[in-house]
Amino acid sequence: MKKMKKIVSLALTAVLAFGVLTACGSKSSSKDTLVMATNATFPPYESVSNDKIVGIDVDIANAIAKKLGKKLEIKDVSFDSIIAGVQQGKYDFGMAGITVTEDRKKNVDFTDPYAKAVQSVIVKEDSTIQSVDDITKDNKIGVQQGTTGDIYASDDYGEDAVIKYNDGPTAVQALISGKVDCVIIDSEPAKAYVAANQGLKILDSAYADEEYAICVKKGSDLKGDINDALKELKKDGTIDKIIAKYIKE
Ligand code: GLN
């Protein structure tokens, strides 16, 4: 009888352990929270306002999460650690005005694009640089580390000409204090930085055209789920409405 009890309790322990294991297993494959990595120094896509991360990407990510029946958790990290973190599975997806490039596609998968953008050049109003063609390898060009502005400028003018900063606002401060001659950065944040600082302007000629998309781990099912949600949100006008809320033409 005693032995029987022991067997029963052993069996029970096994069942419980199995139950716990399978519960954990199913939790990680269908967890109810999506973790998004971003860099909140990039208005109007993401910035910090009253201790909260707000912007176009945040609103679109929330709309996607809602469609997928999940909660959204946002991690604010440095821009150049987002793709590596997604690749390692630290975050479910990266959304930070991330431009789709062939090189990045080697490391992560991109969803369908949700916005178009251009790389702009910010200069001081009285700068000798008055068009993109005036920039030479003898200039000091400020960029945000790891962005397409950094990658293209380093290709076009050489690493020596390019000064890399942790974020856009720091690059713009360097322009104001005369440490760099121009800043190459995405057009919408460029407009926000110029509006917030006197004596700066954006050159009329754009430096490069690009598209933003969400990145996920290579081979992840999440890409299809996000694309389905994006399709619906584009069709019912939600994406346009969110963008129009932040970008007034
Ligand atoms: N669109 C640029 C890139 O992907 C910059 C994005 C950013 O700074 N958040 O490199």
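Whatever order the structure lists ligands and atoms in, that order sets their numbers, starting from 1.
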Checklist line | Electrostatic pair Lys191:Glu188 at N-O distance under 4.0 angstrom | finding: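 Answer for the salt bridge query: yes.
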Notebook entry, point to check: Side chains of Ile163 and Ile141: closer than 4.5 Å at any heavy-atom pair?
Noted result: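 They are not in side-chain contact.
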Item checked: Shared hydrophobic cluster, Val121 / Val118 (ILVMFWY, side-chain heavy atoms < 4.5 Å) ->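 Different hydrophobic clusters.
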Judged by non-hydrogen atoms, does [X] sit under 4.0 Å from ligand 1?
X	value
Tyr212	yes
Glu46	no
Asp186	yes

Near [X], which atoms of ligand 1 are under 4.0 Å from a heavy atom of that residue?
X	result
Arg104	3 (C), 4 (O), 10 (O)
Ile98	4 (O)
Glu210	1 (N)

Check: Could you go step by step and tell me if Gln144 and Asn166 meet the side chain to side chain donor-acceptor pair (under 3.5 Å) rule?
Finding: CA-CA 6 Å; Gln144 179 180 7; Asn166 260 334; over 6 Å; no
Among all the protein's non-hydrogen atoms, which is closest to [atom], and how far away is it?
atom	value
atom 8 (O) of ligand 1	Gln144 OE1, 2.8 Å
atom 6 (C) of ligand 1	Gly97 O, 3.3 Å
atom 9 (N) of ligand 1	Ala96 O, 2.7 Å
atom 7 (C) of ligand 1	Phe42 CE1, 3.2 Å

Note to self: Set out, in order, the CA-CA distance, both residues' side-chain angles and the distance that settles side-chain contact (heavy atoms from CB on, under 4.5 Å) for Lys124 and Ile129, then state yes or no.
What the structure shows: CA-CA 9 Å; Lys124 281 193 179 167; Ile129 300 172; over 6 Å; no
Check: Any idea how Tyr212 and Tyr45 line up, ring-wise: parallel (<30°), tilted (30 to 60°), or perpendicular (>60°)?
Finding: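 Correct class here is perpendicular.
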Item checked: Given Ile202, Thr148, Ile122, the one that forms side-chain contact (heavy atoms from CB on, under 4.5 Å) with Ile185 ->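 Exactly one candidate clears the test, Ile122.
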Notebook entry, point to check: Between Lys201 and Gln130, does any side-chain donor sit less than 3.5 Å from a side-chain acceptor?
Noted result: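 Result is yes, a qualifying pair exists.
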Notebook entry, point to check: Less than 3.5 Å between some nitrogen or oxygen of Gln119 and one of ligand 1, yes or no?
Noted result: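 So ligand 1 has no N or O lying under 3.5 Å from an N or O of Gln119.
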Item checked: Test of proximity, Thr148 against ligand 1: N or O pairs below 3.5 Å ->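 Among all N and O atoms of Thr148, at least one is under 3.5 Å from an N or O of ligand 1.
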